[in-house]
Amino acid sequence: MADAGAEGASSSTVGQIDVFWHEGMLKHDTGNGVFDTGMDPGFLEVLEKHPENSDRVKNLVSILKRGPISPYISWHLGTPAKIPELFSFHTPEYINELVEVDKEGGKQLCGGTFLNPGSWDAALLAAGTTLSAMKHLLNGDGKVSYALVRPPGHHAQPSQADGYCFLNNAGLAVQLALDSGCKKVAVIDIDVHYGNGTAEGFYRSNKVLTISLHMNHGSWGPSHPQSGSVDELGEGEGYGFNLNIPLPNGTGDKGYVHAFNELVVPSIQKFGPDMIVLVLGQDSNAFDPNGRQCLTMEGYREIGRIVHLLAKRHSAGRLLIVQEGGYHVTYSAYCLHATLEGVLNLPMPLLADPIAFYLDDETFSVQVIEAIKNYQKDKVR
């Protein structure tokens with residue numbers, strides 16, 4: 001299926017993926033409560049961990065170290081970002097606010113988003129590790145880098161925390177690429193939630209194409225005023241450079257691949273980036289507690305393969321992958337494995353899907369995708 005979306009691209013495999021990681025990011029403790037509220041109602045015997053907890057990332061690390069993909073992985077130690085580096089995307093006032101909150105022992109910044117003792121150090125590590133992964137590509141030391149980071153970042157806006165995110169790791173890396181000589185950067189976000197922070201950061205830029213495939217959840221309050229709807233197209237010079245693809249609940253493998261082939265691939269081909277960033281969330285999988293989409297390992301594998309072909313064709317194979325959501329502790333790890341198999345363009349799957357066996361009906365999703373395609377043709381020329 002991927003070949004149809006990127007004709008003429010080389011079908012060669014990628015030799016390895018450079019993974020950037022630091023265990024200090026595990027020290028971000030999001031606590032327990034009712035889902036992500038931190039609340040104890042007093043009548044529940046068992047309080048669950050916050051969805052964005054360290055266990056999910058421990059499994060992402062372990063499947064890459066011990067799973068069948070391990071021979072293709074090269075490990076690199078991440079480093080914390082320096083405060084001045086953060087100003088390329090975030091306002092000084094916002095960063096100073098986070099520093100002060102950390103000094104005062106932390107607090108809840110918005111719904112589900114807790115900056116606790118240890119959280120700020122983890123956030124600096126996540127940002128710095130992502131910058132290191134991008135520098136690795138810019139220096140010509142590798143072709144594919146994966147920033148395996150937490151806390152996530154794609155909801156963090158220039159002056160606002162949101163949705164478990166404090167610092168926009170991907171946004172900082174995109175700006176670094178631009179500052180280092182890249183002319184155009186494309187961002188493809190497949191987290192189940194709208195990558196509103198990254199979009200906001202580049203909303204008036206024609207140098208960054210932000211594409212987000214997400215469930216149609218709309219705004220969720222003051223910290224997330226953006227709706228993720230098709231009419232958020234960018235402003236000024238950036239008009240037409242923000243492509244939102246809100247997919248109906250239940251969209252599965254076939255629907256996502258159709259969206260890629262009909263919307264993502266043509267947009268990337270028209271834009272012609274010299275760097276591609278894949279913002280990766282496994283919360284679009286069929287078993288995630290935070291999403292209502294139905295991707296399986298095969299869908300993630302196919303998306304990885306399409307992005308591989310796009311990178312080969314447009315950015316000399318250079319691809320930065322930035323970790324975001326994914327809250328099913330087991331299946332997220334399997335979906336990561338499958339995505340990277342696709343990015344490596346391996347001829348056969350290395351790991352079988354242990355749980356995803358159901359029929360995938362893309363009929364409604366295809367109708368929605370065609371409507372988005374027609375809207376884009378009408379509004380962006």
(request) Give the minimum heavy-atom separation between G142 and D18, together with the two atoms involved. (result) CA-OD2, 3.9 Å
Would you be so kind as to tabulate the donor-acceptor pairs closer than 3.5 Å made by side chains of residues 233-240, with sequence neighbours excluded?
from	atom 1	to	atom 2	distance (Å)
E235	OE1	R204	NE	3.3
E235	OE1	R204	NH2	3.1
Y239	OH	K379	O	3.2

(message) To the nearest 0.5 Å, what is the distance between CD on Q175 and CG on D179?
(response) 4.5 Å
(request) Kindly give the heavy-atom pair with the smallest separation between G195 and H154, and that separation in Å. (result) CA-ND1, 3.4 Å
(request) For residues I276 and I188, determine if any side-chain heavy atom of one lies less than 4.5 Å from a side-chain heavy atom of the other. (result) yes
(request) Kindly indicate whether the side chain of L178, heavy atoms from C-beta on, has any atom under 4.5 Å from the side chain of L176. (result) no
(message) Once rounded to the nearest 0.5 Å, what's the spacing between atom CG of N285 and atom CD of Q282?
(response) 8.0 Å
(request) Search all heavy atoms of G78 against all heavy atoms of H22 and return the closest pair with its distance. (result) O-CD2, 3.2 Å
(request) Check each of L167, L98, L131 against L86 using the side-chain contact (heavy atoms from CB on, under 4.5 Å) test, and report the only one that passes. (result) L167
(request) Please name the residue in the list H214, Q226, Q160 that meets the side chain to side chain donor-acceptor pair (under 3.5 Å) test with N196. (result) Q226
(message) Checking one residue: Y327. Which other hydrophobic residues are in its cluster under the side-chain 4.5 Å linking rule?
(response) F35, Y164
(request) Answer yes if the side chains of T198 and D189 hold a donor-acceptor pair under 3.5 Å, and no otherwise. (result) no
(request) Would you mind listing every ring pair (Phe, Tyr, Trp, His ring centres under 6.0 Å) that reaches into residues 286-305, with sequence neighbours excluded? (result) F287-Y331
(message) Rounded to the nearest 0.5 Å, what separates atom CD1 in I211 from atom CG in N244?
(response) 10.0 Å
(message) Minimum heavy-atom separation for N59 and A333, please, with both atom names.
(response) O-CB, 3.7 Å
(request) Classify the side-chain pair T296/D253 by whether it contains a donor and acceptor separated by less than 3.5 Å. (result) yes
(request) Please answer: with hydrophobic residues joined when any side-chain heavy atoms are less than 4.5 Å apart, are L280 and V329 in the same cluster? (result) no
(request) Could you grab the distance from atom CD of E200 to atom CG of D162, nearest 0.5 Å is fine? (result) 11.0 Å
(message) Could you report the tightest heavy-atom contact between G326 and S332, atom names first, then the distance?
(response) C-OG, 3.2 Å
(request) Using atom types as modelled and distance alone, determine if a side-chain donor or acceptor of E324 lies under 3.5 Å from a backbone N or O of G153. (result) yes
(request) Spell out, yes or no, whether F20 and L137 are grouped together once hydrophobic residues are joined by side-chain heavy atoms under 4.5 Å, including indirect joins. (result) no
(message) Within the structure provided, determine whether L209 and S267 are in side-chain contact (heavy-atom separation under 4.5 Å).
(response) yes
(message) Nearest 0.5 Å, please: how far is OG in S284 from CG in L295?
(response) 5.5 Å
(message) Could you see if F241 belongs to whatever hydrophobic cluster contains L263? Use Ile, Leu, Val, Met, Phe, Trp, Tyr and a side-chain cutoff under 4.5 Å.
(response) yes
(request) Kindly say whether R66 contributes a backbone atom to a donor-acceptor pair with the side chain of S70 at under 3.5 angstrom? (result) no
(request) For the pair H337 (side chain) and I69 (backbone), establish whether a donor and an acceptor sit closer than 3.5 Å, ignoring hydrogens and angles. (result) yes
(message) Is it true that E370 and H258 share a donor-acceptor pair across their side chains at a distance under 3.5 Å?
(response) yes
(request) Check for a donor-acceptor pair, side chain of H328 on one end and backbone N or O of D288 on the other, with a separation under 3.5 Å. (result) no
(message) Less than 4.5 Å apart, side chain to side chain, heavy atoms only: is that true for L340 and Y72?
(response) no
(request) Report the residues that fulfil side-chain contact (heavy atoms from CB on, under 4.5 Å) with N139, sequence neighbours left out, ordered by chain and then residue number. (result) K135, D141
(message) Less than 4.5 Å apart, side chain to side chain, heavy atoms only: is that true for T339 and Y334?
(response) no
(message) Taking transitive links into account, so neighbours of neighbours count too, which hydrophobic residues share a cluster with L44 at under 4.5 Å side-chain distance?
(response) V34, M39, F43, L47
(request) State, yes or no, whether a side-chain contact exists between P158 and Y94 at a heavy-atom distance under 4.5 Å. (result) no
(request) Give a yes or no on whether the backbone of S227 and the side-chain of E232 come within a donor-acceptor separation of less than 3.5 Å. (result) yes
(request) Examine distances only and state if a side-chain atom of R150 and a backbone atom of M25 form a donor-acceptor pair shorter than 3.5 Å. (result) yes
(request) Could you check D283, V192, N290 and say which one makes a side-chain contact (heavy atoms from CB on, under 4.5 Å) with M215? (result) V192
(request) Give a yes or no on whether Y194 and W220 share a hydrophobic cluster (residues Ile, Leu, Val, Met, Phe, Trp, Tyr; joining criterion: side-chain heavy atoms under 4.5 Å apart). (result) no
(message) To the closest 0.5 Å, what do you measure between CG (L247) and CD (E362)?
(response) 13.0 Å
(request) Please tell me if the side chains of M348 and E341 come closer than 4.5 Å, counting only heavy atoms from C-beta onward. (result) no
(request) May I ask you to decide whether E85 forms a salt bridge with K82, counting only side-chain N to carboxylate O separations under 4.0 Å? (result) no
(message) For the backbone of D274 and the side chain of S315, can you confirm whether one donor and one acceptor N or O come within less than 3.5 Å of each other?
(response) no
(message) Any heavy-atom pair between the side chains of L60 and L148 that's under 4.5 Å?
(response) yes
(message) Does anything in residues 96-125 form a side chain to side chain donor-acceptor pair (under 3.5 Å)? List the pairs, not counting sequence neighbours.
(response) H28-S119
(request) Can you label the angle between the H50 ring and the F114 ring as parallel, tilted or perpendicular, going by 30° and 60°? (result) perpendicular
(message) Restricting to non-hydrogen atoms, name the atom on T251 and the atom on S365 that form the minimum distance, rounded to 0.1 Å.
(response) OG1-OG, 2.9 Å
(request) Report yes or no: do I190 and V265 belong to one cluster of Ile/Leu/Val/Met/Phe/Trp/Tyr joined by side chain heavy-atom distances under 4.5 Å? (result) yes
